[in-house]
Amino acid sequence: MDLQRKLEILADAAKYDASCASSGAARKDSRGSRGVGSTGGVGICHSYAPDGRCISLLKILLTNACLYDCHYCINRRSSNVQRARFTPDEVVQLTLDFYKRNYIEGLFLSSGIVQSADHTMEQVIEVARKLREEHHFRGYIHLKTIPEASPALIERAGRFADRISLNIELPTQTGLTRLAPEKNLARTQEAMGHIRGKIEERLADKRKPDAPKPPPFATGQSTQMLVGADESTDADILQRADALYTGYRLRRVYYSGFSPIPEPSKVLPIKPPPLVREHRLYQGRLAAALLRFQVSEIVTPDAPHLDLALDPKLSWALRNRAQFPADINRAPREALLRVPGLGVRNVDRILAARRHCRLRLGDLLRLRVPMKKVLPFIITADHTPARLDLDGDTLRQRFLPPLQQMELSLDGPPPSAADNASVRTGEL
Amino acid sequence: MHTAHIKPTLESWREEARTLLARGVPPDAVLWCQAGDEPSLFQAESFPSPAVDSPAPRVPAAFMDLARTLAAHADERRWGLLYRLLWRITHGGERALLSVPTDADVRLVEQWRKSVSREIHKMHAFVRFRLTGRDEATGREQFVAWFEPEHRIVRLAAPFFERRFAGMDWSILTPEECAHWDGERLHFTPGVPRSAAPSEDALEKLWRTYFKSIFNPARLKVKMMQQEMPKKYWKNLPEAPLIPELIAESGDRVRNMLATEELEVKPAPQNAYLESLRRKDNPEL
């Protein structure tokens with residue numbers, strides 16, 4: 001099989017992994033070396049595919065042959081997809097060739113499980129080792145690791161990689177047992193705990209005064225959760241994500257909407273991807289991370305799913321109208337962060353500006369605050385919302401998006417206008 | 001009305017601005033003219049050089065940072081805007097002006113600064129090198145790229161490429177200015193026409209294969225793509241010509257997937273590792 005055909009198969013096999021981040025690595029560059037590569041700045045998206053996803057890394061599998069039978073995955077052993085396998089040298093050369101032409105930030109290498117977890121990990125690590133040691137490559141390397149691989153191998157992967165990840169796949173063991181019978185939540189979390197320990201150990205070594213510089217180790221780990229394949233609620237997903245962020249200090253939990261694949265399984269019939277749901281989940285997570293919401297405020301036992309029509313913060317505000325209006329000139333930062341339509345950056349601008357003058361609506365307009373959204377929730381020097389505005393039942397109606405014409409083809413992707421605004425698949 | 005003739009560089013503006021400031025000329029009495037521009041209808045006196053000998057006015061460090069970025073902006077009104085800010089900070093009693101984000105001038109300057117930074121970021125992203133050969137003496141590979149930035153950012157964007165591609169020789173050619181790295185020295189030469197740059201690279205076929213294969217037709221979001229990769233960049237991206245056909249085919253590809261008959265589950269093969277996993281999950285076995 002020629003290289004072109006292998007690339008076709010093994011990139012196609014890798015595209016269901018949503019991760020593409022190339023940020024958050026330690027600062028390093030190629031000055032004074034014979035190699036190429038730099039990391040440590042902001043991540044760069046070198047291209048975009050028409051699915052709106054950033055192309056930042058050469059994201060491929062070493063092989064798509066696989067012993068596992070995860071029913072949502074095109075590479076499961078029951079699939080009839082054509083199988084291919086790169087040699088480590090082919091991946092090394094492809095990475096360097098793409099990198100030198102400035103197509104990519106680096107490599108994201110994953111693999112189907114062949115022979116055993118350890119054997120597979122060894123192959124993946126060998127690619128990274130060659131890039132770093134034989135070719136002095138200082139670009140970004142993200143390695144997918146396998147929870148069942150021996151801790152020593154996962155550690156070795158971490159020495160060559162900037163980022164390592166383990167996919168949690170589904171928020172509950174029930175879901176895994178049905179859809180990914182070889183995977184296990186407890187084992188995955190145990191491996192994440194081990195990686196967290198190693199990352200923190202290295203950080204501590206680095207901070208020791210007068211100690212020699214410790215050998216490099218990945219600066220972060222991430223994971224991916226599939227959305228829409230099983231019956232999990234948004235509450236299940238957000239709570240699992242929250243537990244992963246706090247328990248294992250993950251850099252990122254990616255949500256990957258279950259999307260139609262060729263070769264679907266009887267166990268899991270395919271359906272159009274839940275793009276809006278994925279978007280709302282990212283917004284829900286952002287609300288928790290940046291705006292200091294508790295997950296239990298965003299999704300409640302009565303409403304375990306996020307409102308698809310409105311963003312989670314606006315939904316929360318509509319359920320908690322007694323907390324408003326907030327006075328732009330007096331309210332503390334935490335209260336301003338909860339005003340629908342105000343993001344972190346504008347809240348900080350407002351705080352800076354109100355030290356110099358009392359703010360009026362014109363000031364907010366200049367900051368490009370979405371006026372229609374904020375007006376019912378704020379007081380400024382020249383504005384107080386009418387009581388009716390906050391109490392009226394029509395307030396929710398006002399924020400619903402206009403009815404959209406149905407797409408003619410029902411089996412095509414669903415309309416995604418609401419989706420376009422701020423979702424960055426992966427990159428938040 | 002005073003006409004300030006300057007070269008389109010920060011140094012030239014700074015020199016002129018110092019003179020004007022020392023003479024107490026308010027911003028609305030100055031017409032800024034970049035060298036090469038036609039003299040304005042409001043032709044008026046220019047200051048005799050040399051500049052007045054007076055201490056340079058003190059400005060916050062943040063202002064000079066801002067000015068350095070803004071100087072690269074393509075809008076020639078930037079010089080007047082910068083001078084107005086400078087005047088307000090030094091003569092208008094508004095030393096903290098830059099920390100008032102709701103001020104109209106600060107807002108505008110912030111938007112322009114963002115526009116320049118974004119263009120630098122996009123240059124880092126969308127430059128595409130093409131291999132032209134190998135230096136016989138040093139053995140280093142040589143690459144050349146063609147790029148058409150919207151602002152005058154070549155000097156601001158180049159250090160990134162130096163850090164990243166130290167181990168190869170490269171040139172980035174643009175219509176305004178070109179940057180070159182030979183392993184020792186980063187240097188700049190005047191702009192060249194597009195025809196000076198190579199028109200292909202053998203690897204582009206593989207890159208296009210990758211672009212095509214990594215695209216998921218079931219998640220078409222064209223607007224999202226264009227927001228981050230506006231069409232103005234497409235003409236210099238080897239992968240961009242594929243975009244229309246990928247979009248056009250996506251509907252049929254998804255329909256085909258949905259029409260595919262679902263596959264039965266195959267029995268697990270004999271494998272010691274799978275066996276060990278099963279024993280871990282069910283210790284009674």
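Only the side chain of B/Arg107 comes within contact range of chain A, with heavy atoms under 4.5 Å apart. Residue B/Ile214 touches chain A through both its backbone and its side chain, counting heavy-atom pairs closer than 4.5 Å.
Partners of A/Tyr99 according to the ring-ring contact (aromatic ring centres under 6.0 Å, His included) rule, which considers only residues two or more places apart in sequence or in another chain, are A/Phe137, B/Phe165. Here B/His151 pairs with B/His73 under the ring-ring contact (aromatic ring centres under 6.0 Å, His included) rule; sequence neighbours left out.
Note: A/Ser38 OG to B/Phe161 CZ = 10.0 Å, rounded to the nearest 0.5 Å. Annotation: the span from A/Ile270 atom CD1 to B/Thr260 atom OG1 amounts to 6.0 Å, rounded to 0.5 Å. Atom-to-atom distance recorded for A/Leu7:CG and B/Lys205:NZ is 11.5 Å, nearest 0.5 angstrom.
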Just do the salt bridge (charged side-chain N to carboxylate O under 4.0 Å, His left out) check on A/Glu182 and B/Lys280 with the steps written out, would you? CA-CA 10 Å; A/Glu182 284 82 13; B/Lys280 266 189 209 161; over 6 Å; no
For side-chain contact (heavy atoms from CB on, under 4.5 Å), just list the numbers for A/His356 and B/Ser99, CA-CA rounded to whole Å, side-chain angles, deciding distance to a tenth of an Å, and then say yes or no. CA-CA 9 Å; A/His356 301 278; B/Ser99 58; 3.5 Å; yes
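Between A/Arg77 and B/Pro269, the closest side-chain pair of non-hydrogen atoms falls below 4.5 Å. Between A/Val36 and B/Trp170 the shortest side-chain heavy-atom distance does not fall below 4.5 Å. Under the 4.5 Å side-chain criterion, counting only non-hydrogen atoms from C-beta, A/Pro50 is in contact with B/Ile247.
Under the 3.5 Å distance criterion, the side-chain polar atoms of B/Arg128 are matched with a main-chain donor or acceptor of A/Asn102.
Between the side chains of A/Glu8 and B/Thr209, no donor-acceptor pair of N or O atoms lies under 3.5 Å.
Ring planes of B/Trp207 and A/Phe98: perpendicular class, angle over 60° (limits at 30 and 60°).
Counting heavy-atom pairs under 4.5 Å between each of A/Arg354, A/Arg76, A/Arg368, A/Lys271 and chain B puts A/Arg368 at the top.
Paired with B/Glu141 under the rule salt bridge (Lys or Arg N to Asp or Glu O under 4.0 Å), one option of A/Arg34, A/Lys100, A/Arg101 passes, and it is A/Lys100.
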